[in-house]
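The structure appears right after this line, and notes come after that.
The structure presented is a predicted model; accordingly, all values stated were derived computationally and were not measured.
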Amino acid sequence: MSARRTAVELEILSRMDSEGDLTETRLFVPGELTRLESGCMLRYRDPEGNCDTVLRISENGQALIRRTGEFSGRIPVVPGEQAVFLYRTPYGDLELVSEGLELVLEKGDRAGEIRLRYRVVLPQGGTVSENHIIIRYKESAN
């Protein structure tokens, strides 16, 4: 089976808890879904954060969030594991650690849902944020 790309409509629910400050957002954005033999890849542009995001999910329970823009990085998320990553900002690069908490991929022929939960911590300890993301997608009518 070869990769199949489809235009999709995304509903992105995001909740980030950073040092007691809870931020919740809900976005509706167009995107692109690429179905792969071993999972899927979603691509979209975040209108609020002015960045491009690619979320690659494998069926063996691993995710990679790649953001490019003013703030960029490649955040690996594997439930039960920690991974060091570099987050680039206009003020300099930060070395951070992701702790995978949950990854669920429910996919159908024309729609699906991804639930992703991870914590970002400093290498020497201390939580930067806990992130809960739900992405619902459905094929565009266009």
Side-chain angles (χ1 to χ4, degrees), residues 1 3-123 125-142:
M1 177 178 152
R4 191 177 97 211
R5 294 181 186 188
T6 307
V8 291
E9 298 170 11
L10 302 174
E11 176 185 8
I12 303 168
L13 305 167
S14 175
R15 190 179 103 200
M16 182 172 71
D17 187 351
S18 179
E19 298 177 359
D21 271 341
L22 185 63
T23 304
E24 294 182 327
T25 59
R26 185 177 188 173
L27 298 172
F28 293 91
V29 295
E32 179 183 84
L33 170 69
T34 303
R35 288 181 173 87
L36 307 166
E37 284 185 34
S38 61
C40 68
M41 187 167 51
L42 280 173
R43 179 181 312 263
Y44 64 93
R45 180 154 185 84
D46 181 343
E48 292 183 357
N50 199 24
C51 73
D52 292 314
T53 300
V54 175
L55 174 59
R56 185 176 183 133
I57 307 285
S58 66
E59 289 184 354
N60 65 357
Q62 298 181 22
L64 179 65
I65 305 166
R66 188 177 74 224
R67 292 196 172 113
T68 54
E70 186 176 17
F71 295 86
S72 61
R74 295 168 53 95
I75 306 168
V77 179
V78 180
E81 294 185 18
Q82 292 187 340
V84 175
F85 69 96
L86 199 61
Y87 196 65
R88 300 187 186 284
T89 77
Y91 316 105
D93 295 347
L94 298 171
E95 186 176 84
L96 299 169
V97 177
S98 69
E99 293 180 351
L101 301 173
E102 177 185 29
L103 171 60
V104 177
L105 171 62
E106 296 175 357
K107 60 182 185 172
D109 289 339
R110 304 181 68 84
E113 181 174 289
I114 297 165
R115 290 189 302 279
L116 190 60
R117 195 165 59 93
Y118 62 97
R119 186 177 295 122
V120 176
V121 298
L122 299 169
T127 299
V128 174
S129 67
E130 186 163 323
N131 306 276
H132 301 248
I133 301 169
I134 298 172
I135 300 176
R136 296 181 182 115
Y137 64 88
K138 64 179 179 179
E139 288 188 15
S140 296
N142 303 341

Q. Do other residues, nucleotides or ligands put more than 12 heavy atoms under 6.0 Å from Arg5 CZ?
A. no
(Q) Check this for me: Arg117, atom CZ, are more than 12 non-hydrogen atoms of other residues, nucleotides or ligands nearer than 6.0 Å? (A) yes
(Q) Any salt bridge linking Glu113 with Arg115? Criterion: basic side-chain nitrogen under 4.0 Å from a carboxylate oxygen. (A) yes
Q: Identify the two heavy atoms, one from Glu102 and one from Pro79, that lie closest to each other, and give their separation to 0.1 Å.
A: C-CG, 4.0 Å
(Q) Does any part of the side chain of Arg74, heavy atoms only, come nearer than 4.5 Å to the side chain of Phe85, both counted from C-beta? (A) no
Q. Going by an N to O cut-off under 4.0 Å, is there a salt bridge joining Arg35 and Glu139?
A. yes
Q. Within the side chain of Ser98, is there an N or O that forms a donor-acceptor pair under 3.5 Å with the backbone of Pro76?
A. yes
Q. When you measure from the side chain of Thr127 to the backbone N and O of Val121, does any donor-acceptor pair fall under 3.5 Å?
A. no
**Q.** Interatomic distance, Leu105 atom CG to Asn60 atom CG [nearest 0.5 angstrom]
**A.** 11.0 Å
Q: Check the surroundings of atom NZ in Lys107: do more than 12 heavy atoms from other residues, nucleotides or ligands lie under 6.0 Å from it?
A: yes
Q.
Using modelled atom types and a 3.5 Å cut-off, is there a donor and acceptor pairing between side-chain atoms of Thr89 and backbone atoms of Tyr91?
A. yes
Q) Does Val77 reach the side chain of Leu64, with side-chain heavy atoms less than 4.5 Å apart? A) no
(Q) Using modelled atom types and a 3.5 Å cut-off, is there a donor and acceptor pairing between side-chain atoms of Arg67 and backbone atoms of Val54? (A) no
